[in-house]
Each structure stands twice: as C-alpha cells, then as structure tokens.
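So the structure is just underneath, and the comments pick up after that.
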2 protein chains.
Amino acid sequence: MIRKIDRTERRSDALSRERIIAAAIEILDTGGEGALTVRALAAHLATGSGAIYWHVVDKNELLAAAADAVIARVMSDVAGGAKPREAIRAVAIGVFDAIDAHPWVGAQLFREPGRPATLDIIEGIGRQLRVLGVAKVAQFDTVSALVHYILGVAGQNAANARLVAPGTDRSAFLSSVAAQWTALDPARYPFVRQMASQLRDHDDRAQFLAGVDLILAGIDSAR
Amino acid sequence: MIRKIDRTERRSDALSRERIIAAAIEILDTGGEGALTVRALAAHLATGSGAIYWHVVDKNELLAAAADAVIARVMSDVAGGAKPREAIRAVAIGVFDAIDAHPWVGAQLFREPGRPATLDIIEGIGRQLRVLGVAKVAQFDTVSALVHYILGVAGQNAANARLVAPGTDRSAFLSSVAAQWTALDPARYPFVRQMASQLRDHDDRAQFLAGVDLILAGIDSAR
DNA sequence: CAATCTATTGGAACAGCGTTCCATTCATGT
DNA sequence: ACATGAATGGAACGCTGTTCCAATAGATTG
C-alpha cells in the first residue's frame, strides 16, 4: 500500500505491476489466451518468474487486471452525455468492439464476475436506465438482462474467435459453419438448417445491436 | 463408425465412450471442473490414461460430450407441445436449471459454440419463434438474442457457483457480495450501490425469467 | 566513505497437468 | 492351436503455475 511513496524509482527499466500488466496485454493480443504463460511473460520482460510473482499474486489476478484495464478504458471513452438509449447502445457497442479486438477479455469477463470490469458495465448501463425512467423495482432485473445479454455475446464471440484458425478470414469461416448447419439432419434441425443461409453473410455487430434494441423495446413496452 | 456392430461385448467391465462420459459427469458434479483430470478419471474407472485416450480423442472433446449429454436430456424433457411462449420459457428454464445443477455445463456451453448442445437450444427456441409468428427476416436476430441471453446467464451463474466456497450457503454469499457493493465509492458507483439491497434477497431463477420475458415483450412489440 | 539493510531480482526446482508411446493382454476368427 | 488386431494400463515427455532462495541493487545509516 505504501510502496514507493516519496522514493525515486530505482532504475528506469524496473518492473512494476503496470509494466507487467501492459506486457501481458501485449502477449494476449498477439498470441491469444494460450500464449500468456509466466515463462513467456518473463522472457518478454527479460526477467525471471520469481520477479513477476513479487508484483502480482496470481496468474488469475493478472488476467483479471488486464481485462479490467481494457474495459475501464472503454467505459471512460463512452462516458459522454448522450440520450439514455444512445448511451446504452454506446456502452454495449463499446464492450462489443473491445472484445472483438481482444477476444481474451470476453473469456475473462465471464470467468470472474463481480470484478471492476463487470461493475463498470453495470454502472454505465444502470445509470441510463434510471434516466430512461425504468421503475425502481424493475431496475435490477432490467440491468441484469442487458448485462447478461452483453456478456453472453461477448463470451460467444470470444469463443468463436478462438475457433477461427488464425489464417482463415471471416467469410470463409462463416461459410464452413453454414455448410455444417446445412448438412444437419433435416428432421431434427429444421430451424437451424434454415438459418444457415442467413448465417453466411450476417454481421455480428449489427445482430448484437438488434438484440440490444429488442431488449430496449421490451423495456419500453413495460413502462 | 462400425465399431462393435454385431459383436458380443468383450467383458462386462469393459470401457466404452459412454462409461467414460458418465464417469466424467460424476466427477464434474462431485468435485467441480477442477476435479476432472485424466488421472482422476483413470482412477475412478480403475484403468490407465492410455485406455481412456483410446476411446476419447481429447479432454476437450470429453467435456463437450459430457455437456452435450446433459443438455440433450434437458431438451428432450421439455419437448412437449405447449404454447410457443410457454415452450420458450420451458427451454430457458430447463437450461437454467441444468446449469444450476451442473455448473461446469455453463462454462462448457460457453467455451465451444456450435456444438450439439448449443444447436439443440437454438433449434428448440427457433421453432417456437416461427410458431409465434416472428417475421422470417427477424428470426435469426431474435433467436440469437434469446440464446445469447440464456448462455450469458448460464455462464455467469456457473462462474458464481465456482466463486461460492463449497461450504457457504447462498444467502451468506449474497450478503457478502452486497456488503462489498455497498462499500464501493458512492461517487463512482451510485447505481451499483443502490442495487446492493435488492441483490441480497433476489431470486436468480426469477430474475432470469424476467429477462426472458423482457425479450419476449420486445419481440411482441416488434410484430 | 564504508557498512548495513531491505526491497527486488532471476532462475532452479517442484508438483501436477494433458498427452503419447508401447509392451502386454484378451477375445475372437481361422 | 494359432494368429490377429482391438483394447489396456502405466511409464515417460514436455509443459504449466507456483515456490523457494541465493544473489544483487540502491537507499539509509554510522
């Protein structure tokens, strides 16, 4: 807690929690979740594992801190004072885009609820619900629905990102999934098969927003 | 593919993919996700790891198959021909309860999209949307919203289940989380702090259904 | 300036994991 | 009775997160 207060730093290349988190984010972004090992991190920082563990308690904590950092940046970016509906859409899209850019954040948000990242999202959306005039008794259920939806898409997107072979492009991937869907048993999966054609050229981001709008419409109709 | 066709089984205690999956489910239910190791599984089945890998390609595949088995049972249970709204609620609640009983399924559903388990859920809900009269162009977005919401709650519930120390009961856990929320900075988290009191004695299942109803209301208003 | 002392470092060592390998066993078809 | 190939079980491999600890660096003290 009182570390480093009024003390000139020891050397310019000194380790610090911040530098470690930044390095972790870089590795995660470059190589995905699997690439973040303590050894890789140590090599990246030109140090040993013991030095890292002096600044960071756990690999879990490190991942959580990295995700918190990414989400905190997003939430401060969208803080502007737009109309409540637009503000909610902005928060949602901000989280969506952040996870699109850093799929590991999606998996992490999921694994550890109740952390700053999740709280920031709840807060950002909840405030707007008050402005929107959602009844007090309904606010908790409503924010819960929106946040769970956002996190659901987040996690699923992250999982998909993990599935796509690094080389292949998006439309090739979608086509192959659509082909699989089409090959399903027509008796058992009539609906899924019918969706296959729409899957091929749908836009994840637009579909995500359509879901947000659907929930917002539900909120309106309940008022 | 043609294994074991018209062949008497070799011995009564023979291994099989099915027995391995059943044992895995038992271990997962008893000890949680962390308890399923290949060694533990081998010990449970009184065999070696090599024998297991003869029947199962991967630990991932094993987990996926276990989750598929649990979800398939749920989906066949709720297959009944109720009215579409009720059928959708039944599917949702079925998945919710299954994940409440087997938290590891929640995590797994999440990690590997496009597997039978997820397809079953999409199919089960999608069919009802057609019956409900959702416009063809909107069906994909709508089923996506519902499924992502369900999976979002699923994953989050699973994560929470992992957080609750095995001994503690639910209300004690909720109280402690509520206390943490109350202790947050009032300037930064006014909304979250206000939710704390509702958190303490809310019902996850009811809240989940409220979310489903919110989305259903959104669907209605768009028709 | 020399001595001391503590915060920090880097790498060796440990236990446990998923997976592979392979000599051995078993039930069958000839 | 023999040969064959499916099935077994356990040793071994490479990797992981984490702990431990002797060595160091830089501020503080005498």
Side-chain angles (χ1 to χ4, degrees), chain A residues 1-25 27-28 31-67 104 107-108 111-112 162, chain B residues 1-25 27-28 31-67 104 107-108 111-112 162:
Chain A
M1 278 311 156
I2 44 171
R3 294 196 312 104
K4 281 216 178 150
I5 280 185
D6 76 355
R7 183 183 298 185
T8 62
E9 51 218 73
R10 318 194 68 160
R11 30 187 245 214
S12 60
D13 68 330
L15 274 181
S16 70
R17 196 179 146 84
E18 289 68 34
R19 281 201 38 195
I20 293 175
I21 292 176
I25 292 181
I27 293 177
L28 287 164
E33 233 168 318
L36 182 65
T37 67
V38 178
R39 281 164 181 78
L41 190 56
H44 196 90
L45 291 163
T47 180
S49 31
I52 290 174
Y53 275 89
W54 204 88
H55 296 275
V56 157
V57 13
D58 233 12
K59 197 194 163 185
N60 276 350
E61 195 228 7
L62 178 58
L63 255 162
W104 55 273
Q108 181 53 31
R111 216 162 309 154
E112 306 229 7
R162 220 177 309 124
Chain B
M1 279 308 159
I2 43 168
R3 294 196 313 103
K4 280 215 180 151
I5 279 185
D6 77 353
R7 184 183 298 187
T8 62
E9 52 217 71
R10 317 194 68 160
R11 30 187 244 215
S12 61
D13 67 330
L15 273 180
S16 69
R17 197 181 146 83
E18 288 68 34
R19 281 200 38 191
I20 293 176
I21 293 176
I25 292 181
I27 293 177
L28 287 163
E33 232 166 319
L36 182 66
T37 68
V38 178
R39 281 163 181 78
L41 191 55
H44 196 90
L45 290 163
T47 181
S49 31
I52 290 175
Y53 276 90
W54 174 259
H55 295 275
V56 157
V57 15
D58 232 12
K59 197 195 164 185
N60 275 350
E61 195 227 7
L62 178 59
L63 255 162
W104 54 273
Q108 181 53 31
R111 217 162 307 152
E112 304 229 7
R162 219 177 309 126

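Here is how names work: the chains are called A, B, and so on, in the same order as the sequence lines, proteins then strands, and each is numbered from 1.
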Ignoring the backbone of B:Val38, work out which of C:dT9, C:dG18, D:dT18 is nearest its side chain. C:dG18
At 4.0 Å (heavy atoms only), tell me whether A:Ala40 reaches a base, stays on the sugar-phosphate, or touches nothing. nothing
Roughly how many Å is it from CD in B:Glu61 to P in C:dG18, rounded to a whole number? 15 Å
Who passes salt bridge (Lys or Arg N to Asp or Glu O under 4.0 Å) against B:Glu18, sequence neighbours left out? none
To the nearest Å, give me how far apart CG (B:Leu63) and P (C:dT19) are. 10 Å
Rounded to the nearest Å, what distance is computed from the CD atom of residue A:Glu33 to the P atom of nucleotide D:dC15? 20 Å
Write down the distance between OH (A:Tyr53) and P (D:dT19), rounded to a whole number of angstrom. 7 Å
Distance check, rounded to the nearest 0.5 Å: A:Ile52 atom CD1 versus A:Leu62 atom CG? 8.0 Å
Atom CG of B:Leu41 and atom P of D:dT8: how far apart are they, to the nearest Å? 13 Å
Which pairs pass salt bridge (charged side-chain N to carboxylate O under 4.0 Å, His left out) with one or both residues in residues 45-63 of chain A, sequence neighbours excluded? A:Arg17-A:Glu61
If the cut-off is 4.0 Å, is A:Trp54 near the phosphate of C:dT9, judged by side-chain N/O to OP1 or OP2? no
side-chain N/O B:His55 vs D:dA6 OP1/OP2, d < 4.0 Å: no
Rounded distance in Å - CG (A:Leu62) to P (D:dT16): 15 Å
Starting from C1' on D:dT8, measure out to CD1 on B:Ile20 and report it in whole angstrom. 11 Å
How would you label the contact of B:Leu36 with the nucleic acid (heavy atoms, under 4.0 Å): base, sugar-phosphate, or nothing? sugar-phosphate
Rounded to the nearest Å, what distance is computed from the CD1 atom of residue B:Ile52 to the P atom of nucleotide D:dG10? 11 Å
